[in-house]
There are 2 protein chains.
Amino acid sequence: MTDNSDFELRARECLARHGARITRARCAVLARLFASARPLSHHELEQQLADVCDRVTLYRVLNWLVDQGIAHKVSAEDRVWRFSVESHADHRHAHFHCHGCGMVFCMDAKARSPSVPQGFDLQDVEMTLRGLCPECVQ
Amino acid sequence: MTDNSDFELRARECLARHGARITRARCAVLARLFASARPLSHHELEQQLADVCDRVTLYRVLNWLVDQGIAHKVSAEDRVWRFSVESHADHRHAHFHCHGCGMVFCMDAKARSPSVPQGFDLQDVEMTLRGLCPECVQ
DNA sequence: CCATACTTGCCACACAGTTGCATTTGCAGT
DNA sequence: ACTGCAAATGCAACTGTGTGGCAAGTATGG
Ligand SMILES: [Mn+2]
Ligand SMILES: [Mn+2]
Ligand SMILES: [Zn+2]
Ligand SMILES: [Zn+2]
């Protein structure tokens with residue numbers, strides 16, 4: 001049983017482990033991220049948390065979660081960040097961006113580091129797949 | 001000798017081949033793209049073409065070039081599009097985004113299409129490398 | 001319970017890009 | 001070369017995504 005209060009609990013525990021202040025906004029945002037199988041945009045979270053905090057606080061909480069290493073963010077072509085709490089260690093997988101519904105999905109496929117010319121210092125690889133998700137293919 | 005007027009000429013020829021109207025703005029923008037080894041952002045182009053056209057026209061010309069298949073655009077984490085005229089056929093190479101100077105470089109490495117779960121319709125793959133370019137490594 | 005540093009809400013602002021509309025311009029047809 | 005007209009442009013206002021400043025509120029250690 002992973003109902004809503006379970007995700008709230010996990011959020012509280014996570015915040016406590018990081019020695020961080022446990023606030024309404026952080027709990028709610030983190031619980032929503034734990035509950036989601038895919039990265040969520042600011043806009044999606046704002047819909048669901050309208051009565052919890054205002055949009056600026058939401059931006060600040062999300063950035064704080066990323067700074068703490070609790071969440072990570074995924075860039076997409078529509079200039080919107082999506083946030084996810086999957087373990088940072090294995091976040092080198094590809095992301096699929098559906099241009100039908102705009103959702104982003106985590107894929108199993110890993111992005112293998114290619115070689116770069118002499119002089120370049122390669123630090124990170126990101127692979128973005130584009131197309132239609134099962135829903136949008138119909 | 002590939003001086004400036006040579007790029008202008010190539011731009012005119014390219015526009016003519018596409019049966020398109022040959023305008024000051026299109027010639028200037030396309031010539032700048034031909035002259036550049038790396039994808040250029042709107043901002044970079046605006047600096048160099050301030051006296052040629054205004055920024056809205058620059059946006060429109062760039063989008064038009066992409067629609068025509070003459071140019072293609074590359075997304076980066078800073079939410080800024082860069083534009084390039086390399087042949088569209090082989091534009092499936094990776095791009096390197098330097099977080100020192102913000103420039104984007106075309107790499108030789110190709111992004112190989114990974115397999116995706118049943119139901120997803122994969123149409124495009126983009127691989128973005130991040131790190132420091134030779135200039136910024138020092 | 002208190003003090004205080006951290007967090008939040010609200011405002012205004014920044015930046016990339018788009019839309020509406022009147023004016024100008026490239027060029028096909030004469 | 002001239003003309004007519006669709007296409008391109010300039011300008012102003014607008015949208016969407018995200019940030020910064022600052023006063024008010026609150027979580028937590030003592
Ligand atoms: Mn992911
Ligand atoms: Mn390229
Ligand atoms: Zn979809
Ligand atoms: Zn650099």
Side-chain angles (χ1 to χ4, degrees), chain A residues 8 11-31 39-47 49-68 70-83 97 99 102-104, chain B residues 8 11-31 39-68 70-83 97 102-104:
Chain A
E8 283 275 341
R12 285 177 173 279
E13 283 170 359
C14 178
L15 290 171
R17 265 200 315 283
H18 281 259
R21 283 201 185 177
I22 295 169
T23 69
R24 223 163 88 88
R26 284 176 183 172
C27 284
V29 173
L30 199 43
L40 298 175
S41 67
H42 172 95
H43 189 69
E44 287 173 303
L45 288 163
E46 195 181 355
Q47 307 288 80
L49 304 174
D51 49 338
V52 172
C53 66
D54 83 326
R55 52 182 225 97
V56 178
T57 299
L58 177 51
Y59 277 116
R60 288 197 271 232
V61 166
L62 288 169
N63 286 336
W64 179 87
L65 288 171
V66 172
D67 288 346
Q68 298 300 308
I70 297 171
H72 75 104
K73 55 182 183 176
V74 184
S75 68
E77 291 211 340
D78 57 3
R79 311 176 346 117
V80 174
W81 293 105
R82 269 95 173 167
F83 297 82
H97 187 195
H99 57 249
M103 289 185 185
V104 170
Chain B
E8 284 274 341
R12 286 176 171 279
E13 283 170 359
C14 178
L15 291 171
R17 264 202 314 283
H18 281 259
R21 284 202 184 176
I22 295 167
T23 69
R24 223 164 87 90
R26 284 176 182 172
C27 285
V29 173
L30 200 42
L40 298 175
S41 66
H42 172 95
H43 190 69
E44 287 173 302
L45 287 162
E46 195 180 355
Q47 307 287 80
Q48 301 169 355
L49 304 174
D51 49 340
V52 173
C53 65
D54 83 327
R55 51 181 227 98
V56 177
T57 298
L58 178 50
Y59 277 116
R60 287 198 270 232
V61 166
L62 288 170
N63 287 337
W64 180 88
L65 287 171
V66 171
D67 288 345
Q68 299 300 307
I70 297 170
H72 74 105
K73 56 182 182 175
V74 184
S75 68
E77 289 213 340
D78 57 3
R79 314 187 2 255
V80 174
W81 293 105
R82 269 95 174 166
F83 297 83
H97 187 197
M103 288 185 187
V104 170

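Chain identifiers are assigned alphabetically (A, B, ...) following the order of the sequence lines, protein sequences preceding nucleic acid strands; residue numbering begins at 1 within each chain.
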Side-chain N or O of A:Tyr59 versus OP1/OP2 of D:dG18: is the shortest distance under 4.0 Å?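 For A:Tyr59, the contact criterion (side-chain N or O under 4.0 Å from OP1 or OP2 of D:dG18) is met.
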For C:dC6 and A:Thr23 - does any side-chain N or O of the residue sit under 4.0 Å from the phosphate oxygens OP1/OP2?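 Result: no.
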Quick check: are there more than 12 heavy atoms from other residues, nucleotides or ligands sitting under 6.0 Å from NE2 of B:His43?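 Check fails, neighbour count at 12 or below.
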Under 4.0 Å, counting only non-hydrogen atoms across every strand here, what does B:Val56 touch: a base, just sugar-phosphate, or nothing?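 Touches a base.
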What is the nucleic acid contact for A:Asn63, judged by heavy atoms within less than 4.0 Å: base, sugar-phosphate only, or nothing?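 Answer is sugar-phosphate: A:Asn63 comes under 4.0 Å of backbone atoms only.
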Side chain to side chain, [X] and [Y], heavy atoms closer than 4.5 Å:
X: B:Leu45; Y: B:Leu62; result: yes
X: B:His97; Y: B:Asp78; result: yes
X: A:Leu30; Y: A:Cys14; result: yes

From [atom1] of [X] over to [atom2] of [N], roughly how many Å is that when rounded to an integer?
X: A:Arg21; N: D:dA27; atom1: CZ; atom2: P; value: 9 Å
X: A:Arg79; N: D:dT17; atom1: CZ; atom2: P; value: 8 Å
X: B:Lys73; N: C:dG17; atom1: NZ; atom2: C1'; value: 10 Å
X: B:Asp51; N: D:dG10; atom1: CG; atom2: P; value: 11 Å
X: B:Arg26; N: D:dA7; atom1: CZ; atom2: P; value: 11 Å
X: A:Arg60; N: C:dG9; atom1: CZ; atom2: C1'; value: 8 Å
X: A:Trp81; N: C:dC15; atom1: CH2; atom2: P; value: 17 Å
X: A:Leu15; N: C:dC6; atom1: CG; atom2: P; value: 16 Å

Residue met sooner reading DNA chain C from 5', once A:Val61 and B:His42 are mapped to nucleotides: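 With A:Val61 and B:His42 compared, the 5'-side residue is A:Val61.
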Starting at the 5' end of DNA chain D and moving along, which residue's nearest nucleotide shows up first, B:Arg24 or A:Arg55?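 Mapping each residue to its closest nucleotide by heavy atoms, the 5'-most match is B:Arg24.
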Among B:Glu46, B:Lys73, B:Gln47, B:Arg82, find the residue that satisfies the side-chain contact (heavy atoms from CB on, under 4.5 Å) test when tested with B:Ser41.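 The residue from B:Glu46, B:Lys73, B:Gln47, B:Arg82 that satisfies side-chain contact (heavy atoms from CB on, under 4.5 Å) with B:Ser41 turns out to be B:Arg82.
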